[in-house]
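Chain letters run A, B, ... following the sequence lines, proteins first, then strands; residues in each count from 1. This one's a predicted model, so the numbers in the text were calculated from it and none came from an experiment.
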Number of protein chains: 2
Amino acid sequence: MELSERKKKILTAVVEEYIRTAEPVGSKTVASTAKLGCSSATIRNELSELASMGYLEQPHTSAGRVPTPLGYRIYVNELMERHKLSLEETEEINRSLNEKLRELDHLVSNVGALASSLTNYPAMAIAASPPATISRFDLIYIDANTFIIVAMMSNNTVRNKLVRLPVSVGQDMIQRLSSVFNANFTGITEDRITPLMIRSAERAVDDTMGLTGVIASFAIEILSDSQTAEAAVYGANRLLSQPEYRDPDKAHALMSYISDADHLRELQLTDCGGGVRVLIGPENVAEELRDSSVVLAEYDMGGEAKGLIGVVGPTRMDYSSVAAKLSMIAEMLSMRLGNGAAPPPGLDNKLVIKGDSNEQQ
Amino acid sequence: MELSERKKKILTAVVEEYIRTAEPVGSKTVASTAKLGCSSATIRNELSELASMGYLEQPHTSAGRVPTPLGYRIYVNELMERHKLSLEETEEINRSLNEKLRELDHLVSNVGALASSLTNYPAMAIAASPPATISRFDLIYIDANTFIIVAMMSNNTVRNKLVRLPVSVGQDMIQRLSSVFNANFTGITEDRITPLMIRSAERAVDDTMGLTGVIASFAIEILSDSQTAEAAVYGANRLLSQPEYRDPDKAHALMSYISDADHLRELQLTDCGGGVRVLIGPENVAEELRDSSVVLAEYDMGGEAKGLIGVVGPTRMDYSSVAAKLSMIAEMLSMRLGNGAAPPPGLDNKLVIKGDSNEQQ
DNA sequence: ATTAGCACTCGAGGTCAGAGAGTGCCAATA
DNA sequence: TATTGGCACTCTCTGACCTCGAGTGCTAAT
């Protein structure tokens with residue numbers, strides 16, 4: 001059933017006023033904000049119809065109206081004006097990403113922090129990549145008791161490990177280990193590594209010191225890591241600035257829920273169709289999110305790897321501005337990380353750096 | 001001034017009862033819990049003396065007594081029984097650390113999460129190491145457009161970066177770059193790298209493609225990273241389960257404060273004397289921590305590197321058990337990470353792994 | 001179809017009295 | 001002299017009750 005033009009305007013006014021003030025909105029307020037040429041009595045009739053249609057509800061008989069999840073849905077789908085980011089906001093995102101992209105190893109956490117500070121809601125960042133394989137091993141001989149394993153992976157990440165030995169090992173052994181691993185352990189996923197393979201590699205290099213095992217467990221570790229999506233929340237404390245979470249029990253419940261990376265990974269399944277996805281209240285699958293809303297945006301990390309960046313807040317969320325901001329972040333990130341993309345405008349290197357680093361200890 | 005035996009017992013009883021219940025403690029309760037052979041009237045007299053000495057206070061005239069920060073201080077220093085961890089608790093820590101130590105790259109975060117879940121308070125972890133230098137560069141030639149920089153650092157961490165080039169580069173160039181960097185950029189701290197050095201390196205290898213600059217900025221980046229202590233909070237949401245933070249404004253203020261890594265790094269300065277340090281209420285330097293308590297334990301990460309692990313909570317904190325748990329975690333970690341230490345009992349490898357890895361993208 | 005008017009509803013916030021917990025003091029006691 | 005029972009007093013907490021104001025729903029007039 002189609003809403004009349006006036007109903008649309010009234011619903012919009014109610015939703016936006018409620019988003020702004022967090023107070024139930026009365027007919028008088030609507031009459032004065034949405035400048036339709038009619039009195040509050042007329043608005044009252046319309047409001048009561050909108051309520052019976054399920055778009056609004058009353059906390060109690062003599063209070064103003066509050067949007068229902070369905071009301072928000074209509075608002076998000078049809079009514080809200082697509083928020084235009086101001087030049088400052090766009091610049092802020094652009095500048096921030098340029099800075100952060102220098103250190104790609106903290107990409108996920110930086111983008112999460114950025115989204116949270118920009119929207120003033122807790123933000124989550126999830127980076128999922130298809131299972132990678134190791135495309136190449138290098139063993140760097142340091143001294144008789146030390147070597148470094150460097151593994152380059154199919155998704156163009158590099159991982160390393162420093163190995164200290166209580167016994168001496170020769171360069172030749174390192175050399176042999178390197179060839180065997182490059183011959184047998186590259187291009188395969190974790191489940192394809194069998195104890196049998198390891199034992200035969202051990203025999204092949206004549207290893208009596210367990211070196212093969214060490215390298216193999218490193219390989220298994222990084223392969224299995226590459227299957228687990230990185231996921232974290234940032235700015236969870238911002239939840240407490242929202243009036244709907246002034247009840248510490250509610251706040252605690254939601255915060256505990258979103259602090260668990262496993263719960264966040266469940267959001268991976270959400271299909272954003274490359275754009276922004278809004279999940280309002282009961283539309284969320286997780287019980288704990290049923291009174292809250294989630295806005296998600298997907299970005300392209302190059303290849304098949306996808307990143308998800310999202311924001312959690314009360315159903316009374318500023319959907320328009322949040323969606324615009326997340327969408328902008330996602331878009332700019334995709335541009336910078338996307339595969340065949342041109343060098344991003346802000347990176348003033350002659351070279352396209354697609355790597356980074358990390359520490360170990 | 002020395003407290004009488006009986007006063008000590010009474011103070012202890014008040015502190016422990018208050019820690020347990022978060023309710024002001026009355027004379028009657030003390031009379032029944034601390035089994036001194038005297039009536040509540042006697043206790044009342046003693047309580048009022050303890051109050052005038054500054055160890056206890058009353059929220060209002062006719063309420064029970066609550067410990068002052070000074071009262072907690074006496075309790076922590078002299079009265080409390082050193083909590084013995086149960087066998088299960090010890091085992092839990094031990095098992096947990098064994099698991100976590102497999103992936104040393106997430107050491108800080110894992111230890112933080114462990115401390116938080118064990119104590120049920122927010123936990124912070126700070127890992128500080130003295131400025132490191134690069135002890136060795138290896139450049140791995142992948143193909144004409146790609147190479148990996150691997151830098152081994154003086155603190156035995158390894159970092160890497162994958163470099164993609166829009167132009168071709170030869171193995172010989174990689175070779176030359178490697179020697180120049182090993183000759184000129186090892187063993188020095190960040191501030192010793194000058195634009196002049198970079199330019200002269202550029203000339204030495206006859207580099208027209210900016211490769212030298214890329215490697216140098218990588219060096220600068222990892223050297224400056226090594227100076228910044230890693231710091232983070234875990235389980236901040238647990239704050240909300242404490243009655244003293246049911247006021248969302250208080251909770252928000254503290255949470256925001258401890259969510260800022262820079263604030264945490266200030267705690268680095270705290271001297272724990274190798275053991276556990278308790279900071280009660282106003283003993284904290286930071287204004288924001290003045291109504292809260294912090295328990296810190298230091299562990300030895302090998303060499304001069306120190307880790308700090310801590311817990312924040314209300315002044316009404318279970319000091320005894322928290323101190324015992326943190327101390328145990330710190331001790332076990334030091335054993336495993338400490339320099340010349342014997343291989344830790346739980347690590348069932350033949351080899352002592354002192355490395356790990358990390359990803360980039 | 002719209003509107004003014006009005007009775008009605010309900011929550012927020014204020015006041016008040018009674019209950020309960022705990023104190024401080026005093027006089028009696030060992 | 002230290003301890004104790006007794007008792008008046010103080011202060012908070014709770015629930016009952018009230019009023020105020022915002023907002024509704026309905027009706028009759030336009």
Side-chain angles (χ1 to χ4, degrees), chain A residues 2-11 13-18 20-68 71 243-244 246-247, chain B residues 2-11 13-18 20-68 71 243-244 246-247:
Chain A
E2 196 50 51
L3 287 173
S4 74
E5 222 30 62
R6 191 167 66 188
K7 280 204 178 58
K8 282 185 185 176
K9 276 191 184 156
I10 293 175
L11 182 52
V14 172
V15 172
E16 291 180 350
E17 184 67 10
Y18 186 65
R20 212 173 55 79
T21 62
E23 298 287 329
V25 183
S27 53
K28 225 151 120 190
T29 320
V30 176
S32 67
T33 57
K35 292 179 216 113
L36 313 154
C38 63
S39 78
S40 69
T42 313
I43 307 273
R44 272 206 288 288
N45 292 328
E46 296 282 52
L47 284 178
S48 106
E49 281 184 58
L50 283 167
S52 68
M53 292 180 195
Y55 299 134
L56 296 176
E57 66 189 350
Q58 287 176 285
H60 55 258
T61 328
S62 77
R65 300 310 208 284
V66 164
T68 59
E244 17 277 285
R246 290 198 71 81
D247 173 358
Chain B
E2 194 51 51
L3 288 174
S4 75
E5 224 24 66
R6 191 168 64 186
K7 279 203 180 55
K8 284 185 183 174
K9 276 191 184 158
I10 292 174
L11 183 51
V14 172
V15 173
E16 291 180 351
E17 184 68 10
Y18 186 65
R20 212 172 56 78
T21 63
E23 296 288 327
V25 183
S27 54
K28 224 152 123 187
T29 320
V30 176
S32 68
T33 57
K35 292 180 215 107
L36 315 152
C38 63
S39 78
S40 71
T42 314
I43 308 274
R44 271 205 290 287
N45 292 328
E46 296 282 53
L47 284 178
S48 104
E49 282 183 57
L50 283 168
S52 66
M53 291 178 194
Y55 299 135
L56 295 177
E57 67 186 351
Q58 289 177 283
H60 52 87
T61 329
S62 77
R65 298 313 207 283
V66 164
T68 60
E244 16 277 285
R246 292 199 70 80
D247 173 358

Residue R6(B), side-chain heavy atoms: nucleotide from dT10(D), dT3(D), dT9(C) that is nearest:
dT3(D)

Whether the side chain of [X] engages the backbone of [Y] through a donor-acceptor N/O pair (distance < 3.5 Å, no angle test) should be reported.
{"X": "T29(A)", "Y": "V25(A)", "value": "no"}
{"X": "S27(A)", "Y": "I43(A)", "value": "no"}
{"X": "E57(B)", "Y": "T68(B)", "value": "no"}
{"X": "Q58(B)", "Y": "R65(B)", "value": "no"}
{"X": "T42(A)", "Y": "C38(A)", "value": "no"}

Would you say dC11(D) has OP1 or OP2 under 4.0 Å from some side-chain N or O of S62(B)?
no

Does S39(B) make a side-chain N or O approach to OP1 or OP2 of dT3(D) shorter than 4.0 Å?
no

[Y] and [X], any side-chain heavy atoms less than 4.5 Å apart:
{"X": "S40(A)", "Y": "R44(A)", "value": "yes"}
{"X": "L47(A)", "Y": "V14(A)", "value": "yes"}
{"X": "L50(A)", "Y": "I10(A)", "value": "yes"}

Walking DNA chain D from its 5' end, the first of P59(B) and G64(A) to be reached, judged by nearest nucleotide, is P59(B)

Check the distance between [N]'s [atom2] and [X]'s [atom1] and give it to me in whole angstrom.
{"X": "H60(A)", "N": "dG11(C)", "atom1": "NE2", "atom2": "P", "result": "6 Å"}
{"X": "E17(B)", "N": "dA21(C)", "atom1": "CD", "atom2": "P", "result": "15 Å"}
{"X": "I43(A)", "N": "dT2(C)", "atom1": "CD1", "atom2": "C1'", "result": "11 Å"}
{"X": "E46(B)", "N": "dT4(D)", "atom1": "CD", "atom2": "C1'", "result": "14 Å"}
{"X": "E57(A)", "N": "dT24(D)", "atom1": "CD", "atom2": "P", "result": "14 Å"}
{"X": "E5(B)", "N": "dA2(D)", "atom1": "CD", "atom2": "P", "result": "18 Å"}

Distance check, rounded to the nearest 0.5 Å: T33(B) atom OG1 versus R20(B) atom CZ?
8.5 Å

Pair K7(B) + E49(B), salt bridge at N-O below 4.0 Å
yes

Which atoms of nucleotides 27-30 of chain C (N or O only) lie under 3.5 Å from a protein N or O atom, and what are those distances?
none

Checking side-chain contact (heavy atoms from CB on, under 4.5 Å) between L36(A) and each of E5(A), E46(A), R6(A), which is the one that passes?
R6(A)

Interface polar pairs with nucleotides 25-30 of chain D, N/O, under 3.5 angstrom:
from: dG25(D); atom 1: OP1; to: R65(A); atom 2: NH2; distance (Å): 3.3
from: dG25(D); atom 1: OP2; to: R65(A); atom 2: NH2; distance (Å): 3.4
from: dG25(D); atom 1: N7; to: R44(A); atom 2: NE; distance (Å): 3.2
from: dG25(D); atom 1: O6; to: R44(A); atom 2: NH2; distance (Å): 3.3

What parts of residues 23-37 of chain B reach DNA chain D, counting only heavy atoms under 4.0 Å away?
G37(B)

